[in-house]
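Quick caveat: nothing in here was measured; it's all calculated off a predicted structure.
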Amino acid sequence: MSSSATQERPNTVKISDAGPSRKKIHIEIPAATVDEKLEDSMGTLVAAAALPGFRPGKAPRALVEKRFGQSVRGEAKNQLVAAAFSKAVEDHKLAVVGDPTSESLAKIDLQPGKALSFELEVEVMPEFEMPAFDGLEILKPAIEVTDEMVQKELTNLCINEGELESRESAEAGDYCTGHAIMKGKDGTEFYNIPGAVIQVPPKDKNGKGMILGVVVDDFTKQIGSPKPGADLTVKVKGPENHEVEGIRNNDLTITFKVDRVDRIVQAAPEKMAELFGVADEKALRDAIRERLSERATVEQQSLMRQQVAKHLVEEIKMDLPQRLTAQQAVRTLERRRMELMYRGVKPAEIEEHMAELRNASAAVAVRDLKLFFVLSKAAEDLKVRVDDAEVNHRIFMMARERGVRPEKLRQELIQTNQVGAVFQQIRDHKTMDAILTKAKTKDVSLDEFNKKFSDKEGDAEAKGAKSKKKS
């Protein structure tokens, strides 16, 4: 017999608003359902349990319950909650986005003879009307690969393959490796990372630097010129949109014990040519130009999609929370990280972007949440689908940009739970491309495009066109 809710023994479900785009779900599972689930779970375990001195399935039930009772109740609770939540969502036709959260569920212990009562909060799709896409005007910027861009990419490659030169003290641009610990004003420890790396800000950063993913405006002033063995202390206000709730707007103290100081000595272009298996520096530059031409096509597509996104955000009205939850902040950062990886941005620069995004205004963060909701609904309306082959191809493309093996990047994405972000990126791109087929496009120069679209909103994705021009 199933231990889920039945017509004779239904769960009690109450739905209430928990703020814009959020619902609170109160569920009570009857005691009879709880007892049935516990009996099924324990019976299955007793039939298979192997304890010292007993053949499998022959151990006394009381002994098995004493040994495994707590874990059995915990697993039974998880299964009951999952089934009850799914049924509540189906029965009440909730358009759920993301996973449910609960402040009290972990503290509740399943007990025989007692109903299981709990509350969940879940993010739901807000109600809104999609605008018409026909006739939308989109600028198509021409991005040319210049000699300056080739030189910059060659310099980056030489830096990436350069050697570390130990230094007695750090100067602008040098790197310090050490043990970093981040604590809040009440002493709560958020990060404790041996082998962390910081860079003494280069001169063009005007003293601004980053440590443990947080931007510090007066970083140079606070750390000075560190030497191996030095103990640094950095104080900074936690970013408003950090994915860790406790860090937000907290008065943070970060200590950093410097283990070593290094400077990157660039590899010679001749060595890079040999490494890449080409005849000489000229052949290497030609290969770089070809790669940049491919990247320029990706950049052009990204800038056209950016205009679609801007149109959707401006045209659609909906009620949204004024402040992102931790779950929403993580999703926003993952989306941006994947976009930058796809566009071939260097890993170090990606982390700088992430730090800046954590510092972004609440308005920018809420705008990103709005875009997530809009593209989710548009994808559903346009019947956009993503298959495994597309995910594999996207991972291959990102791995090539980073110069790593696709299987290595795939494993990294799995370990960091970011495969879902790759799926989301592909779905978003396909959705915006479907909208682009209904739009009118106009070829323009990159200068004309940049005059039309400024970076005043602080959109990290909009920086791509500007960086192409500067390089």
Peer 1: By side-chain hydrogen bond (donor to acceptor under 3.5 Å, both in side chains), which residues pair with Glu161, not counting sequence neighbours?
Peer 2: none

Peer 1: Should we say atom NE2 of His393 is surrounded by more than 12 heavy atoms from elsewhere, each under 6.0 Å from it?
Peer 2: no

Peer 1: Can you see whether Arg285 engages Gln151 through a side-chain donor-acceptor pair at a distance of less than 3.5 angstrom?
Peer 2: yes

Peer 1: Strictly by modelled atom types, are Lys235 and Gln222 linked by a side-chain donor-acceptor pair under 3.5 Å?
Peer 2: no

Peer 1: Could you measure the distance from the CG atom of Asp174 to the CD1 atom of Ile198? Nearest 0.5 Å is fine.
Peer 2: 11.0 Å

Peer 1: So, for Leu94 and Ile25, which heavy atoms are closest and what is the spacing to 0.1 Å?
Peer 2: CD1-CD1, 3.8 Å

Peer 1: Take a 6.0 Å sphere around CG of Asp319 and say whether it holds more than 12 heavy atoms from other residues, nucleotides or ligands.
Peer 2: no

Peer 1: So for atom NZ, which belongs to Lys208, do other residues, nucleotides or ligands contribute more than 12 heavy atoms lying within a distance under 6.0 Å?
Peer 2: no

Peer 1: Report the C-alpha distance between Thr101 and Val122 in whole Å, list the side-chain angles of each, state the deciding distance to 0.1 Å, and finish with yes or no for side chain to side chain contact (heavy atoms under 4.5 Å, CB included).
Peer 2: CA-CA 6 Å; Thr101 59; Val122 68; over 6 Å; no

Peer 1: When you measure from the side chain of Asp280 to the backbone N and O of Ala283, does any donor-acceptor pair fall under 3.5 Å?
Peer 2: yes

Peer 1: Using modelled atom types only, decide if a donor and an acceptor are shared between the side chain of Gln199 and the backbone of Gly173 within a distance under 3.5 Å.
Peer 2: yes

Peer 1: Would Glu123 and Lys23 pass as an ion pair if we require N to O under 4.0 Å?
Peer 2: no

Peer 1: Are any of the side-chain nitrogens in Glu299 or Arg343 under 4.0 Å away from the carboxylate oxygens of its partner?
Peer 2: yes

Peer 1: Scan side-chain atoms only and decide if Gln425 and Arg394 contain a donor-acceptor pair under the 3.5 Å cut-off.
Peer 2: yes

Peer 1: Check whether any side-chain heavy atom of His353 lies under 4.5 Å from a side-chain heavy atom of Arg337, and answer yes or no.
Peer 2: no

Peer 1: Please determine whether the number of non-hydrogen atoms from other residues, nucleotides or ligands lying under 6.0 Å from atom CD of Glu274 exceeds 12.
Peer 2: no

Peer 1: Evaluate the side chain to side chain contact (heavy atoms under 4.5 Å, CB included) criterion for residues Asp387 and Glu390: first the C-alpha distance (whole Å), next the side-chain angles of each, then the deciding distance (0.1 Å), finally the verdict.
Peer 2: CA-CA 6 Å; Asp387 58 35; Glu390 291 173 304; 3.2 Å; yes

Peer 1: Decide whether a cation-pi geometry holds between Arg263 and Tyr175; the criteria are a distance under 6.0 Å from NZ or CZ to the six-membered ring centre and an angle within 45° of the ring axis.
Peer 2: no

Peer 1: Between Asn192 and His179, do the side chains contain a donor N or O and an acceptor N or O under 3.5 Å apart?
Peer 2: yes

Peer 1: Any donor-acceptor pair under 3.5 Å linking the side chain of Asn241 with the backbone of Ala360?
Peer 2: yes

Peer 1: Decide yes or no on side chain to side chain contact (heavy atoms under 4.5 Å, CB included) for Met432 and Leu375, but give the supporting numbers first.
Peer 2: CA-CA 8 Å; Met432 288 187 280; Leu375 290 178; 3.8 Å; yes

Peer 1: Is a donor on one side and an acceptor on the other found under 3.5 Å between the side chain of Asn11 and the backbone of Val13?
Peer 2: no

Peer 1: If you measure from the Lys or Arg side-chain nitrogens to the Asp or Glu carboxylate oxygens, is any gap between Lys310 and Glu314 under 4.0 Å?
Peer 2: yes

Peer 1: Measure across Leu357 and Leu333 and return the closest heavy-atom pair with its distance rounded to 0.1 Å.
Peer 2: CB-CD2, 3.8 Å

Peer 1: In chain order, what residues pass the side-chain hydrogen bond (donor to acceptor under 3.5 Å, both in side chains) check against Lys346, with sequence neighbours excluded?
Peer 2: Asn156

Peer 1: Tell me whether His242 contacts the main-chain N or O of Val244 through its side chain, where contact means a donor paired with an acceptor under 3.5 Å.
Peer 2: yes

Peer 1: Report yes or no: does Arg358 contribute a side-chain atom to a donor-acceptor pair with the main-chain N or O of Val214 at less than 3.5 Å?
Peer 2: no

Peer 1: How about CD on Glu351, more than 12 heavy atoms from neighbouring residues, nucleotides or ligands closer than 6.0 Å, or not?
Peer 2: yes

Peer 1: Counting only N and O atoms by type, is there a donor-acceptor contact under 3.5 Å from the side chain of Asp17 to the main-chain atoms of Gly19?
Peer 2: no

Peer 1: If you count every heavy atom of other residues, nucleotides or ligands that lies below 6.0 Å from Glu90 atom CD, does the total exceed 12?
Peer 2: no

Peer 1: What is the minimum heavy-atom distance between Met338 and Ala421, and which atoms define it?
Peer 2: CG-CB, 3.5 Å

Peer 1: Identify, with sequence neighbours excluded, every residue that meets side-chain hydrogen bond (donor to acceptor under 3.5 Å, both in side chains) alongside Glu294.
Peer 2: Arg400

Peer 1: Does any N or O in the side chain of Glu401 come within less than 3.5 Å of the main-chain N or O of Val345, such that one atom is a donor and the other an acceptor?
Peer 2: no

Peer 1: What is the minimum heavy-atom distance between Ile395 and Pro406, and which atoms define it?
Peer 2: CG2-O, 3.9 Å

Peer 1: Do Thr437 side-chain atoms and Ala434 backbone N/O form a donor-acceptor pair below 3.5 Å?
Peer 2: yes

Peer 1: Find the distance between CD (Glu119) and OG (Ser102) and round it off to the nearest 0.5 Å.
Peer 2: 7.5 Å

Peer 1: Does a donor on one side chain sit under 3.5 Å from an acceptor on the other, for Gln411 and Glu407?
Peer 2: no

Peer 1: Enter the distance from Asn206:CG to Phe219:CZ here, rounded to the nearest 0.5 Å.
Peer 2: 15.0 Å

Peer 1: Between Lys451 and Asp447, does at least one N-O distance fall below 4.0 Å, as a salt bridge requires?
Peer 2: no

Peer 1: Enter the distance from Lys370:NZ to Leu312:CG here, rounded to the nearest 0.5 Å.
Peer 2: 9.5 Å

Peer 1: Between Glu121 and Arg22, does any side-chain N to carboxylate O distance fall below 4.0 Å?
Peer 2: yes

Peer 1: Answer yes or no: are there more than 12 heavy-atom neighbours, outside Asp388 itself, under 6.0 Å from its atom CG?
Peer 2: no

Peer 1: Looking at Lys317 and Glu129, is any side-chain nitrogen of the basic one under 4.0 Å from a carboxylate oxygen of the acidic one?
Peer 2: no

Peer 1: Mind checking whether Glu281 and Glu270 have side chains closer than 4.5 Å, heavy atoms only?
Peer 2: yes

Peer 1: Minimum heavy-atom separation for Ala172 and Pro202, please, with both atom names.
Peer 2: CB-CA, 4.2 Å

Peer 1: Applying salt bridge (charged side-chain N to carboxylate O under 4.0 Å, His left out), name anything that partners Lys183, two or more places apart in sequence or on another chain.
Peer 2: none

Peer 1: Does Lys282 have any side-chain hydrogen bond (donor to acceptor under 3.5 Å, both in side chains) partners at least two apart in sequence or in another chain, and if so, which?
Peer 2: Asp286

Peer 1: Does Glu290 have more than 12 heavy atoms from other residues, nucleotides or ligands lying within 6.0 Å of its CD?
Peer 2: no

Peer 1: Taking all heavy atoms of Phe373 and all of Phe128, pick out the closest pair and write down the distance.
Peer 2: O-CZ, 3.8 Å

Peer 1: Would you please name every residue forming a salt bridge (charged side-chain N to carboxylate O under 4.0 Å, His left out) with Arg427, sequence neighbours left out?
Peer 2: none

Peer 1: One pair to check against side chain to side chain contact (heavy atoms under 4.5 Å, CB included): Val81 and Leu105. What are the steps and the verdict?
Peer 2: CA-CA 9 Å; Val81 169; Leu105 187 58; 3.9 Å; yes

Peer 1: Can any side-chain N or O of Lys77 pair as donor or acceptor with the backbone N or O of Ile108 at less than 3.5 Å?
Peer 2: yes

Peer 1: For the ring pair Tyr342 and His429, is the centre-to-centre distance below 6.0 Å?
Peer 2: yes

Peer 1: Do Asp147 and Arg289 sit within salt-bridge range, that is, some charged N less than 4.0 Å from a carboxylate O?
Peer 2: yes

Peer 1: Once you round to the nearest 0.5 Å, how far does CG of Leu139 lie from CE of Met304?
Peer 2: 9.0 Å

Peer 1: Any chance you could measure Leu212, atom CG, to Ile193, atom CD1, to the nearest 0.5 Å?
Peer 2: 5.0 Å

